[in-house]
K.L.:
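This is the structure I want to talk about, given as structure tokens.
No experiment lies behind these values; they were computed from the predicted model shown. All ligand and atom numbering here is 1-based and tracks the order in the structure.
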Amino acid sequence: MLPVIYSEEFLDHKTGKFHPEKPERLIAIAKGLKKSAFAEQIEWLAPTPAADRPTLLSCLAKAHTATYISKIKAIASSGGGYLDTDTPVSPRSHDVALLAVSAWLDGVDTVLTRANPAFVLARPPGHHAESDTGMGFCLFSNAAIAALYALEQPGVNRVAILDWDVHHGNGTQAIVQTHPQIAYCSLHQYPCYPGTGKASERGFHDNVLNLPVPPGSDIAVYQPLLEKKVVPFLANFQPDLLIVSAGYDANADDPLASINLQPKDFGLFTEHCLQLTRKILFGLEGGYDFSTLSQSVTATIERCLV
Ligand SMILES: [Zn+2]
């Protein structure tokens with residue numbers, strides 16, 4: 001069985017009709033999984049409600065400033081607004097973003113307990129959110145918060161994050177790069193939004209590996225990077241948990257970038273992760289072409305079930 005942590009409440013973060021990061025993304029993925037050949041092997045789990053997680057706010061406070069967290073709450077309670085031109089906050093966004101963080105933490109618990117992969121199907125995404133700024137469709141830095149939470153669990157001394165979203169996870173990197181117990185590795189189009197992620201950015205403890213790829217790249221560019229750079233970097237770090245910031249906007253059909261991966265390529269990505277460990281938490285980041293997004297998540301999960 002493969003746990004997928006999902007709630008229809010994640011659809012209540014409203015971004016507007018013309019925004020690419022819309023609720024229909026999750027609907028398309030859930031639909032694809034439910035009609036897949038392995039649908040019966042998926043265990044749908046509801047996230048722990050924020051109110052039932054007394055430590056949730058202290059987890060959040062490890063990654064974000066109190067001022068920033070209050071700001072999101074205030075904008076939502078006042079009826080909504082924008083953090084930047086492409087990052088809306090709707091009336092329920094604060095609560096939904098908190099539930100998304102809780103879902104990522106549930107994912108950590110599930111993976112550590114079962115020593116098997118789990119997938120968090122939540123939104124809003126998180127990897128662009130910095131400690132005091134939301135941006136790029138992201139409110140709270142889900143992957144970084146999950147990594148910091150994991151380090152508090154028994155037997156977890158090192159956590160690695162692999163970010164294969166087509167955009168660099170500036171927020172995740174900024175939050176974790178000062179922590180010697182967390183490694184961050186990103187494959188991303190460069191140049192592209194948000195403009196960070198140069199190969200020269202190595203973290204405060206040589207714990208960051210950025211692998212920028214040029215527009216037009218396909219699996220022929222990615223595969224050697226996976227084999228010769230990503231896997232050795234992660235293997236050398238010997239993580240007790242691997243968190244994947246699983247964005248699927250490097251697909252050829254994605255409207256937001258210019259990389260030419262195919263959905264099946266994410267099965268190959270997943271296979272490389274599984275060579276390292278079965279303790280893998282996948283959490284959704286970007287991916288804006290509904291069809292290839294759904295197929296890619298299906299390819300990721302299918303590979304975990306093989
Ligand atoms: Zn992205």
K.L.:
Under 4.0 Å between a Lys/Arg side-chain N and an Asp/Glu carboxylate O for E285 and R123?
P.N.:
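Between R123 and E285 there is no salt bridge, as every charged N stays at least 4.0 Å from the carboxylate O atoms.
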K.L.:
Taking the Zn ion (ligand 1) as the reference point, name the nearest N/O/S atom of D165.
P.N.:
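Sorting the N, O and S atoms of D165 by distance to the Zn ion (ligand 1) puts OD1 first.
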K.L.:
Could you pull out the atom name of the N/O/S atom in H167 that is nearest the Zn ion (ligand 1)?
P.N.:
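Looking only at N, O and S atoms of H167, the one nearest the Zn ion (ligand 1) is named ND1.
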K.L.:
A quick test of your reading: do over 12 heavy atoms of other residues, nucleotides or ligands sit less than 6.0 Å from CD of E8?
P.N.:
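Count not over threshold, so no.
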K.L.:
Please work out which of the three classes, parallel, tilted or perpendicular, describes the rings of Y68 and F140, given edges at 30° and 60°.
P.N.:
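F140 and Y68: perpendicular rings.
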K.L.:
For the Zn ion (ligand 1), find the closest N/O/S atom on D249 and give its atom name.
P.N.:
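The D249 atom nearest to the Zn ion (ligand 1), restricting to N, O or S, is OD2.
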K.L.:
Assert yes or no for the condition that the ring centre distance of H168 to Y193 is strictly below 6.0 Å.
P.N.:
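No, too far apart.
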